[in-house]
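Lettering follows sequence order; numbering is per chain, from 1.
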2 protein chains.
Amino acid sequence: MEASVNYIKEILLDKDIKPSHHRIRIFQFLALNRYHPTVEMIYNDLIDEIPTLSKTTVYNTLNLFVASNLVRVLNIDEVEARYDITTDNHGHFRCKSCGEIYDFEFDSNYLSGEELKNFQIHEKNVYFNGICFSCLKI
Amino acid sequence: MEASVNYIKEILLDKDIKPSHHRIRIFQFLALNRYHPTVEMIYNDLIDEIPTLSKTTVYNTLNLFVASNLVRVLNIDEVEARYDITTDNHGHFRCKSCGEIYDFEFDSNYLSGEELKNFQIHEKNVYFNGICFSCLKI
DNA sequence: GTTCCTGCAAAAGCTTTGCAGAAGA
DNA sequence: TCTTCTGCAAAGCTTTTGCAGGAAC
């Protein structure tokens with residue numbers, strides 16, 4: 001994914017979001033760090049570069065992005081929310097042992113129930129959990 | 001699903017859970033009320049019958065059931081956890097308008113990624129959201 | 001008598017809100 | 001100048017924890 005400042009500005013403006021410095025950096029961070037970070041992680045990684053950054057701004061900004069469908073919230077971790085740039089359908093696997101979250105691809109066309117045939121479906125989330133290969137080897 | 005007291009006792013004993021009155025009633029409630037209730041809902045519905053019931057006990061009991069794989073936590077609601085008796089794979093749809101959660105069936109065999117081939121998968125959760133038919137009609 | 005279940009109160013942790021000051025156009 | 005973005009502090013909520021009393025066998 002391209003993550004240049006100018007490209008990100010366009011994306012934000014396209015959603016009527018003013019491309020402030022903080023917002024651009026948070027978006028860029030998510031685009032470049034696809035490990036489904038928590039608010040805490042984003043904050044800790046950006047605070048060196050933006051010393052005045054507050055967690056409130058991280059929360060506000062992420063909520064703004066989520067409302068505009070630029071970013072998705074993952075509720076795969078029962079404690080903290082995790083954030084991911086919106087992309088095509090992929091599932092998330094969370095290792096119960098190390099906590100790491102892995103992406104995997106699936107064909108979402110097979111995922112539809114007769115029961116939902118008259119429903120308007122906005123989002124499909126697929127969360128697995130178990131033990132990852134690295135932890136199994138230990 | 002059978003929900004007689006004796007049957008529930010067997011299920012609990014099978015998992016080495018002492019079948020106390022509270023535990024039996026909470027399990028029975030989940031078996032008979034498959035609307036994915038929150039802790040609050042379970043507590044409010046049982047407090048009339050068990051006046052001394054505390055939310056702590058509801059939390060403790062549900063955590064016990066989840067640990068024994070008798071009950072599943074749904075993180076489909078971003079605010080509160082919802083609980084469902086463990087059954088075969090089915091997905092959950094949450095209406096963004098009315099909040100109602102609907103079950104739907106899917107074939108979980110289509111849901112597997114090459115990326116996870118050496119992983120041990122314990123649970124597969126499928127959460128959709130959007131607008132349900134009832135709300136679309138309004 | 002011993003185990004452990006139960007429940008009150010307090011604590012913990014994530015997220016939101018109120019509001020004032022700062023930044024930007 | 002006027003809008004709105006930002007950040008501190010406090011509040012809100014769900015869930016967990018500590019601990020003492022009580023039930024069950």
Side-chain angles (χ1 to χ4, degrees), chain A residues 5 8-9 12-13 15-29 36-68 70-83 94 99 101, chain B residues 5 8-9 12-13 15-29 36-68 70-83 94 99 101:
Chain A
V5 170
I8 292 170
K9 275 185 183 171
L12 298 185
L13 285 170
K15 298 282 187 179
D16 287 323
I17 296 173
K18 285 199 181 173
S20 72
H21 179 232
H22 288 41
R23 288 170 176 173
I24 290 171
R25 286 299 293 117
I26 291 172
F27 190 93
Q28 192 176 44
F29 184 85
H36 324 92
T38 62
V39 165
E40 187 79 19
M41 293 169 182
I42 297 168
Y43 175 79
N44 285 337
D45 276 6
L46 290 178
I47 190 68
D48 289 336
E49 182 192 335
I50 313 170
T52 65
L53 185 65
S54 75
K55 272 189 201 170
T56 302
T57 297
V58 179
Y59 275 109
N60 287 341
T61 303
L62 290 172
N63 287 342
L64 197 62
F65 290 167
V66 170
S68 297
L70 293 172
V71 165
R72 283 225 191 164
V73 188
L74 307 186
N75 293 311
I76 196 171
D77 179 329
E78 292 180 18
V79 181
E80 286 172 286
R82 291 171 167 273
Y83 295 87
R94 179 167 187 279
I101 292 174
Chain B
V5 171
I8 292 170
K9 275 186 183 170
L12 298 185
L13 285 171
K15 297 281 187 181
D16 287 323
I17 297 173
K18 284 199 181 173
S20 72
H21 180 233
H22 288 43
R23 288 170 177 173
I24 291 171
R25 285 300 292 119
I26 291 172
F27 190 93
Q28 192 175 44
F29 184 85
H36 324 92
T38 63
V39 165
E40 187 79 19
M41 292 169 183
I42 297 169
Y43 174 78
N44 285 337
D45 277 6
L46 289 179
I47 190 67
D48 289 336
E49 181 192 335
I50 313 171
T52 65
L53 185 66
S54 75
K55 272 189 201 170
T56 301
T57 297
V58 179
Y59 275 109
N60 287 341
T61 303
L62 290 172
N63 287 343
L64 197 62
F65 291 167
V66 170
S68 297
L70 292 172
V71 165
R72 283 226 191 164
V73 188
L74 307 187
N75 293 312
I76 196 171
D77 179 328
E78 292 179 18
V79 182
E80 287 172 286
R82 290 169 168 274
Y83 295 86
R94 178 168 187 278
I101 292 175

Checking D:dT15, C:dG7, C:dT15 against the side chain of B:Leu53 (C-beta onward), the nearest is C:dG7

The contact string for nucleotides 20-25 of chain C, one letter per nucleotide 5' to 3', using protein heavy atoms under 4.0 Å with B, S and - for base, sugar-phosphate only and none, comes out as ------

Does any part of the side chain of A:Ile17, heavy atoms only, come nearer than 4.5 Å to the side chain of A:Leu70, both counted from C-beta? yes

Using a 4.0 Å heavy-atom cut-off across all strands, classify A:Thr52 as base, sugar-phosphate, or nothing. sugar-phosphate

Here the distance between atom P of C:dC4 and atom CG of B:Leu64, to the nearest Å, is 13 Å

Would you check if A:Thr38 and A:Val79 make a side-chain contact, meaning some heavy-atom pair closer than 4.5 Å? no

Could you tell me whether the phosphate oxygens of C:dG7, OP1 or OP2, come under 4.0 Å of any side-chain nitrogen or oxygen in B:Ser54? yes

Counting distance only, does the side-chain N/O of A:Thr57 pair as donor-acceptor with the main-chain N or O of A:Leu53 below 3.5 Å? no

Is there a side-chain contact between A:His22 and the phosphate of D:dG7, meaning an N or O under 4.0 Å from OP1 or OP2? yes

At under 4.0 Å, does any side-chain N or O of B:Ser20 touch on OP1 or OP2 of C:dT6? yes

Can you confirm whether A:Arg82 sits close enough to A:Ile76 that some side-chain heavy atom of one is under 4.5 Å from a side-chain heavy atom of the other? yes

Whole-Å distance, A:Ile50 CD1 to D:dT6 P, equals 10 Å

Taking CG from A:Asp16 and P from D:dT3, how many angstroms apart are they, rounded to a whole number? 18 Å

Are B:Arg23 and B:Phe65 close enough that some pair of their side-chain heavy atoms sits under 4.5 Å apart? yes

Options C:dT15, D:dG7, D:dT14, nucleotide nearest the side-chain atoms of A:Tyr59: C:dT15

Starting at atom CD of A:Glu78, determine the distance to atom P of D:dT15, rounded to an integer number of angstrom. 10 Å

Can you tell me how far NE2 of B:His36 sits from CZ of B:Arg94, rounded to the nearest 0.5 angstrom? 12.5 Å

In whole angstrom, give the distance that lies between atom CD1 of A:Ile17 and atom P of D:dT4. 14 Å

Here the distance between atom C1' of C:dC5 and atom CD1 of B:Ile26, to the nearest Å, is 12 Å

How close or far is atom C1' of C:dG7 from atom NZ of B:Lys55, stated in whole angstroms? 13 Å

When only distance counts, do a donor and an acceptor, one from the side chain of B:Thr56 and one from the base of C:dC8, lie under 3.5 Å apart? yes

Distance, rounded to the nearest Å, where A:Asn60 contributes CG and C:dC14 contributes C1': 14 Å

Among D:dT14, C:dT17, C:dT6, the one nearest B:Val79 by side-chain distance: D:dT14

Qualifying residue for side-chain contact (heavy atoms from CB on, under 4.5 Å) with B:Ile26, from B:Val71, B:Leu62, B:Ile8: B:Leu62

Taking the side chain of B:Asn63 as its heavy atoms from C-beta onward, which of C:dT6, C:dC14, D:dT16 lies nearest to it? D:dT16

